[in-house]
Amino acid sequence: MVRLPLKQLLEDNPKKVLVLDGGQGTELENRGIKVANPVWSTIPFISDSFWSDESSANRKIVKGMFNDFLNAGAEILMTTTYQTSYKSVSENTPIKTLSEYNNLLTRIVDFSRDCIGENKYLIGCIGPWGAHICREFTGDYGPDPESIDFYEYFKPQLDNFNKNDKLDLIGFETIPNVHELRAILSWDESILSKPFYIGLSVHEHGVLRDGTTMEEVAKVIKGLGDKINPNFSLLGINCVSFNQSPDILESLHQALPDMALLAYPNSGEVYDTEKKIWLPNSDKLNSWDTVVKQYIDSGARIIGGCCRTSPNDIQEISTAVKKYT
Ligand SMILES: C[S+](C)CC[C@H](N)C(=O)O
Ligand SMILES: N[C@@H](CCS)C(=O)O
Ligand SMILES: [Zn+2]
C-alpha cells in the first residue's frame with residue numbers, strides 16, 4: 001500500500017497533524033447541487049446518469065470539489081456519505097434492496113478514491129442517527145433514547161465500510177447524544193473492524209447537544225477500561241461553532257489528556273432545520289491561524305472544516321498547520 005496505516009502514521013510521528021477537507025455538503029451546494037433533501041450530499045450519486053454518463057455535470061462538480069480541497073492542502077478527505085444510512089436511502093430514493101444499497105456505497109467509495117488518488121487518506125463518513133430527522137444540532141432523541149437500536153440503524157453502512165480497503169478510517173460525525181456515543185463505544189472489533197473516530201456535536205456552551213458535559217464524556221470512555229475497541233483512534237468535535245471550538249477542544253483535552261483529538265468546526269453560521277438554510281451568527285472572532293495553533297496545543301492530530309467551510313478555509317488551515325508543526 002502507498003499509504004502507511006493511519007494509526008501507524010500518527011503513532012510514529014507524534015508531531016504530525018493531518019489537514020482534513022472542508023464542508024462537502026455545503027460546498028456541493030455552493031457549486032449548484034441542491035443538498036437540502038433527505039439524503040443530503042448523497043443526492044448526486046442517486047441518479048443513474050452520474051454513473052452512466054462520464055461527462056455528467058454532477059460528476060464534474062464532485063470531482064472539482066475534491067480537486068480544490070486537494071489543491072488547498074487536504075491530506076485526508078471524506079466520502080459524501082453523511083446521510084447515506086440504509087434507512088435514509090431506502091425510504092427516500094429508488095434504491096431499496098440491501099444489494100442495491102451496497103452497490104451504491106461501493107461505487108461512491110471507488111469514485112471518491114479515484115478522485116483523491118492513492119496517496120491521500122479516505123474517511124468513510126457516517127452521520128449520526130439524528131441526521132435522518134435533522135436532530136444533530138439539538139441532540140433531542142425523544143423521550144426514550146435508551147430504546148433506540150443504534151446498531152440496527154448503522155449496521156448496513158458499517159458492514160460495507162468495514163470491508164472496503166479503499167477506506168482508511170470510519171468517521172462517525174456530529175454525534176449529539178450520549179446514548180449514541182455509548183452505543184458506538186460498546187461495539188467491539190467484530191462490529192467495527194476498521195480504525196474509527198467519533199466527532200461530537202457540541203453546543204456553544206461546551207456541552208454535548210443533549211447537555212452531557214465533556215467530563216461525563218470522558219467518564220464514559222475511561223469507564224470502558226480495557227474493553228475499549230482498539231480501533232477507536234481519535235475523538236473530537238465537528239460542526240461546532242468556530243469561535244468556541246478552541247475552548248471546547250481544550251476542555252476535552254483536559255478531560256482526556258492521552259487521547260488523540262480532531263477538530264473541524266463549521267463557519268459559525270447556524271443551520272435553520274425548518275427552512276434548511278444557514279443563518280449568520282457572530283462574526284469570526286479569530287483567524288484560522290489562531291484557532292489551529294490552539295487546537296495543536298490541545299492535542300489535535302486532524303484539523304479541517306465542517307459545514308460552510310470551503311477550499312479557501314482549508315488553504316488557511318494548511319498554512320497554519322505547516323507553521324505550527
Ligand atoms: C449537517 S446538517 C446541515 C445535514 C442536513 C440535515 N441532517 C437535514 O436533514 O437537513
Ligand atoms: N460531513 C458532512 C457534514 C457533517 S455536519 C457534510 O459535509 O455534509
Ligand atoms: Zn457540518
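All heavy atoms count here, side chains included; hydrogens, waters and symmetry mates do not. Whatever order the structure lists them in is the order used to number ligands and atoms, beginning at 1. Position 1 is the first residue of the sequence, and the numbers go up from there.
Taking only nitrogen or oxygen atoms, main chain and side chain alike, Phe137 does not reach within less than 3.5 Å of ligand 1. Residue contacts with ligand 2: Glu173 is placed with a nitrogen or oxygen under 3.5 Å of a nitrogen or oxygen of the ligand (distance criterion only). Taking distance alone, with nitrogen or oxygen atoms compared against 3.5 Å, Gln24 approaches ligand 2 more closely than that limit. An N or O contact shorter than 3.5 Å links Glu136 to ligand 1 by distance. Taking distance alone, with nitrogen or oxygen atoms compared against 3.5 Å, Tyr271 approaches ligand 1 more closely than that limit.
Distances shorter than 4.0 angstrom do not occur between any heavy atom of Cys239 and any atom of ligand 1.
Ring-plane geometry between Phe150 and Trp129 is classed as perpendicular, the angle between the planes exceeding 60 degrees on a 0 to 90 degree scale with a lower cut at 30. Ring planes of Trp288 and Phe242: perpendicular class, angle over 60° (limits at 30 and 60°). Using cut-offs of 30° and 60° on the angle between ring planes, the pair His132 and Tyr153 is tilted.
Atom NZ of Lys96 is surrounded by more than 12 heavy atoms from other residues, nucleotides or ligands within 6.0 Å. More than 12 heavy atoms of other residues, nucleotides or ligands shown are found within 6.0 angstrom of CG on Asp149. The number of heavy atoms from other shown groups lying within 6.0 Å of CD (Gln8) is above 12.
Atom CD1 of residue Ile148 and atom NE2 of residue His179 lie 8.5 Å apart, to the nearest 0.5 angstrom. Summarising the geometry, atom CG belonging to Asp21 is positioned 4.5 Å from atom CG belonging to Leu77; distances are rounded to the nearest 0.5 Å.
Shown in contact with Tyr82 at under 4.0 Å from a heavy atom are these atoms of ligand 1, numbered in order with element: 1 (C), 4 (C). Interface atoms of ligand 1 facing Trp40, defined by a heavy-atom separation under 4.0 Å, are 3 (C), 4 (C), 5 (C). Against a heavy-atom cut-off of under 4.0 Å, Cys307 is close to the following atoms of ligand 2: 3 (C), 5 (S). Annotation for ligand 2: atoms under 4.0 Å from non-hydrogen atoms of Trp40 are 6 (C), 8 (O). Shown in contact with Gln83 at under 4.0 Å from a heavy atom are these atoms of ligand 1, numbered in order with element: 4 (C), 5 (C), 6 (C), 7 (N), 8 (C), 9 (O). Residue-ligand proximity, Trp278 to ligand 1, at heavy-atom distances under 4.0 Å covers atoms 3 (C). Every atom of ligand 2 is numbered from 1 in the order shown, and the set under 4.0 Å from a heavy atom of Cys306 is 4 (C), 5 (S). For ligand 2, the atoms sitting less than 4.0 Å from at least one non-hydrogen atom of Cys239 are 5 (S), numbered in the order shown with element in parentheses.
Atom 10 (O) of ligand 1 has Lys276 NZ, 2.8 Å as its closest protein atom, hydrogens excluded (heavy atom only). Closest protein heavy atom to atom 6 (C) of ligand 1: Cys134 SG, 3.4 Å. Scanning all protein heavy atoms for the shortest distance to atom 5 (S) of ligand 2 gives Thr174 OG1, 3.3 Å.
For the residue pair Arg308 and Asp313, the shortest heavy atom distance occurs at O-OD2, 4.4 Å.
Ring centroid separation for the pair Phe50 and Phe111 comes in under the 6.0 Å cut-off. Centroid-to-centroid, the aromatic rings of Tyr197 and Phe172 stay 6.0 Å apart or farther.
No salt bridge links Asp53 with Arg59; every basic N to acidic carboxylate O contact stays at or beyond 4.0 Å.
Comparing heavy-atom distances from atom 6 (C) of ligand 2 across Gly25, Gly23, Pro128 singles out Gly25 as nearest.
For the pair SG of Cys306 and SG of Cys239, the angle at the Zn ion (ligand 3) is about 110°; rounding is to 10 degrees.
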